[in-house]
2 protein chains.
Amino acid sequence: MSRRRAGVTIKHVAADAKVSLQTVSRVINNEPNVRPETRSRVQASIDKLGYVPLIAAQRLSGRRSYLILVLNDRDRTIADWKARQGGDWVNQMLLGGMLKASEHGYRLILELVDTHSDQIERELATTIGALQPDGVILTPPHSENAQICQLLESHGIPFVRIGAAGDGPGFSVTMDDAGSAREATEHLIGLGHRRIGFIAGLPEYSLSAWRVDGWRAAMADAGLPCEDLLVQGDFGYQSGIEATNRLLALHPRPTAIIASNDQMALAALEAARNMKLDVPGSLSLVSFDNTPVVRFIQPPLTAVDQPIAETVAKAVELLIAAARGEPSHGPEVVPGHLVPRESTGPARPTG
Amino acid sequence: MSRRRAGVTIKHVAADAKVSLQTVSRVINNEPNVRPETRSRVQASIDKLGYVPLIAAQRLSGRRSYLILVLNDRDRTIADWKARQGGDWVNQMLLGGMLKASEHGYRLILELVDTHSDQIERELATTIGALQPDGVILTPPHSENAQICQLLESHGIPFVRIGAAGDGPGFSVTMDDAGSAREATEHLIGLGHRRIGFIAGLPEYSLSAWRVDGWRAAMADAGLPCEDLLVQGDFGYQSGIEATNRLLALHPRPTAIIASNDQMALAALEAARNMKLDVPGSLSLVSFDNTPVVRFIQPPLTAVDQPIAETVAKAVELLIAAARGEPSHGPEVVPGHLVPRESTGPARPTG
DNA sequence: TTGAAAGCGCTAACAG
DNA sequence: CTGTTAGCGCTTTCAA
């Protein structure tokens with residue numbers, strides 16, 4: 001008869017506490033309408049028997065799955081892992097997300113999705129159908145993917161878009177890219193720099209534009225021109241080299257450069273070295289992301305720290321609140337901050 | 001009547017294909033005893049309707065959960081994440097584990113467990129009870145935890161112990177720590193070193209001893225004494241400083257040091273610098289783990305690369321095979337390898 | 001405040 | 001080769 005392992009179920013608890021299944025269920029889910037006395041009797045049985053609700057069963061009978069799905073870009077993530085360059089986006093995501101989730105009895109499942117595939121829809125529908133997560137977290141560039149957002153909406157699954165504009169569907173949590181870029185720029189201006197180059201990231205990421213905006217605003221506020229000081233990069237090392245070469249060929253040469261991510265900043269450092277420019281003596285450098293390597297390189301880079309853990313924790317909170325039917329908030333912004341290190345210094349006249 | 005979202009279930013498929021539920025189930029699970037013709041008709045309906053089996057339902061009816069649980073040490077993992085020093089154990093684990101798992105329709109769930117808690121048992125029982133994973137992967141130091149192993153055994157859940165001795169319960173996958181240590185030692189001997197110090201890791205990790213063994217064996221083979229050259233560390237930075245100071249105070253001074261992990265190697269580098277010793281001019285240094293930082297430090301460290309991704313992938317394979325009732329293998333060994341960089345050079349007579 | 005009954009979507013056991 | 005039946009463990013009606 002027993003075709004599975006001996007497990008204590010709600011039935012055993014009910015029998016032990018001499019109540020109905022329903023009452024046990026109510027206790028488990030902290031629902032009202034149970035006399036305190038009954039509740040504690042049931043709880044005692046639960047503890048005594050070591051009963052644990054089986055999530056699959058809870059899900060099946062229409063309740064929550066206690067699962068939150070995090071969607072990352074497949075190629076990018078795998079490439080990062082294989083490169084072993086110390087990128088820690090995923091680590092910070094787990095740090096913020098897992099811990100917050102587990103506070104509420106939820107679990108995170110990381111899933112890699114092929115952005116460029118024309119099968120996203122099928123892939124995603126399969127995952128969602130199979131898992132029935134209570135919420136989904138979208139990271140860039142998926143957070144800007146209309147197809148994905150629409151699919152999630154049509155399934156009625158709450159989702160958070162990280163690093164994407166707040167006016168779309170779902171919740172939005174951003175890291176104040178503009179503010180951070182402004183802070184970085186003001187830091188340099190404070191050091192006396194007047195020609196500050198900016199290497200932008202891929203235009204399909206909204207945050208690329210926001211970072212440019214922050215820089216522009218700070219420059220404008222200080223009455224400094226941006227003119228030829230903005231060059232396009234693609235977040236990759238090679239593009240950083242090219243962008244830097246372009247900037248350093250200008251007359252007069254910029255005395256500082258802000259790169260939209262660490263890879264490009266590392267590239268900028270290399271490019272500067274190739275031109276025998278000392279950092280920070282002849283060129284100050286600020287980077288975005290603050291991945292571990294930038295602390296170990298010589299000189300350690302001044303960088304904008306992206307509060308990934310905090311942001312993802314916030315995302316998880318929004319999702320859990322939504323699953324509980326709590327009222328939803330507007331777009332959330334988690335501020336980043338500048339970490340000054342040795343790659344930035346006082347401006348010196350260019351040669 | 002419909003108290004849940006419209007979802008296409010096995011019933012719809014059965015109706016559409018004009019077969020019984022059971023036949024659909026057989027097709028889904030690739031079971032035999034279905035006429036090819038019937039099979040393809042069912043498959044057509046599945047595709048047409050976009051049917052996806054709900055994992056919770058499969059689990060509930062006694063089938064597999066398609067979940068593999070990975071247990072990591074809570075404090076260590078969180079500390080690593082917070083330190084942001086570029087440790088990428090988790091990344092490599094996910095790289096190897098997730099990809100392999102997804103090949104077979106499985107998913108990985110990472111769970112942090114408190115080793116020092118006297119509640120491990122309850123904590124674990126809860127997780128296992130709630131999730132009912134088809135397999136569990138234990139990483140050090142949990143892989144050596146008798147309490148955990150016993151609990152898993154009593155629940156009848158297949159599990160793999162990574163980096164633990166092969167003679168315990170469950171499957172075992174190791175990274176040939178002894179072989180790697182031997183390779184590192186032979187590399188140094190080949191460079192002419194005769195006094196090679198070794199900084200051991202925490203004794204509660206079996207792999208600490210294996211690394212020592214490999215070093216000892218290589219030294220013995222070359223007819224070199226180990227005597228006072230072995231000092232105890234605890235994998236932490238501070239212990240690396242102290243151990244190195246101890247070694248460098250010896251007469252004659254060792255010309256090379258192998259540290260049992262990167263943190264201690266980084267510490268050794270620092271300690272050597274404090275004594276104005278050039279690396280690798282006056283002291284060669286080899287480290288274990290090969291985390292990203294050791295490539296970015298000056299000089300880049302020669303290191304033993306731990307094949308974490310491969311190892312975890314192997315673990316996942318073992319678990320899936322076990323879930324399928326395939327015959328089990330003996331202990332598996334995934335070889336690591338030495339990555340020579342600039343921290344090792346020819347031995348020079350000590351002063 | 002409590003309980004009884006009816007499923008959720010799927011599979012195992014047994015017929016045919 | 002295919003179908004029927006009886007649950008898996010839990011929650012949701014709805015009734016008491």
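Small disclaimer: the values here were computed from a predicted structure and weren't measured. Each chain gets a letter, A, B and so on, in the order its sequence line appears, and its residues count up from 1.
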When you look at CD of A:Q150, are more than 12 heavy atoms from neighbouring residues, nucleotides or ligands closer to it than 6.0 Å? no

Consider the side chain of A:S25, meaning its heavy atoms from C-beta on, and name the nucleotide among C:dG3, D:dT2, D:dT11 that approaches it most closely. D:dT11

Does the side chain of A:L54 reach to within under 4.5 Å of the side chain of B:L131, using non-hydrogen atoms? no

To the nearest 10 degrees, the angle between the two end axes of the helix from C:dT1-D:dA16 to C:dG16-D:dC1 (five pairs per end) comes to 30°

When you match A:K11 and A:R26 each to their closest nucleotide on DNA chain D, which lands nearer the 5' end? A:K11

Report the distance from atom CZ of B:R41 to atom P of D:dC1, rounded to the nearest whole Å. 14 Å

Atom-to-atom span, CD of B:E31 to P of D:dG3 - whole angstrom: 15 Å

Atom pairs and distances, side-chain donor-acceptor, residues 23-32 of chain A, under 3.5 Å, sequence neighbours left out:
unit_1	atom_1	unit_2	atom_2	d
A:T23	OG1	A:S20	OG	3.3
A:N29	OD1	A:R63	NE	3.1
A:N29	ND2	A:S25	O	2.9

Counting just side-chain N and O atoms, does A:Y51 come under 4.0 Å of either OP1 or OP2 of D:dC10? yes

Mind checking if B:P32 touches a base, just sugar-phosphate, or nothing, with heavy atoms under 4.0 Å? nothing

Nucleotide D:dC10, atom P - distance to CD of A:Q22 in whole Å: 12 Å

Does anything in residues 40-73 of chain B form a ring-ring contact (aromatic ring centres under 6.0 Å, His included)? List the pairs, not counting sequence neighbours. B:Y66-B:Y106

Using a 4.0 Å heavy-atom cut-off across all strands, classify B:V19 as base, sugar-phosphate, or nothing. sugar-phosphate

A:L21 or A:R35: which one's nearest nucleotide on DNA chain C is closer to the 5' end? A:R35

Tell me: CG of B:N33 to C1' of C:dA12, nearest whole Å? 14 Å

N/O (side chain, A:T9) to phosphate O (OP1/OP2, D:dC8) under 4.0 Å: no

Assign each of A:A57 and B:V34 the nucleotide of DNA chain D bearing its closest heavy atom; nearer the 5' end lies the nucleotide of B:V34

Given atom CD1 of A:I10 and atom C1' of D:dT12, what is their separation to the nearest angstrom? 12 Å

Can you tell me the distance, in whole Å, between the CD atom of B:Q58 and the C1' atom of D:dC10? 18 Å

Using a distance-only test with no angle check, is there a side-chain donor-acceptor pair under 3.5 angstrom linking A:S206 and A:E144? yes

Side-chain N or O of B:S20 closer than 4.0 Å to phosphate OP1/OP2 of D:dG3: yes

OP1, OP2 of C:dG3 versus side-chain N and O of A:T23: anything below 4.0 Å? yes

Distance check: side-chain N/O of A:N29 vs OP1/OP2 of D:dT11, anything under 4.0 Å? yes

Value in whole Å for how far the C1' atom of C:dC8 lies from CG of B:L54: 9 Å

Find the distance B:R59:CZ to D:dC10:C1' and express it as a whole number of Å. 15 Å

Donor-acceptor under 3.5 Å (B:T311 side chain, B:P307 main chain): yes

Can a donor-acceptor pair be found, under 3.5 Å and without considering hydrogens, that links the side chain of B:H104 to the backbone of B:A101? no

Point-to-point distance, once rounded to the nearest 0.5 Å, from CG of A:D118 to CD of A:E123: 10.0 Å

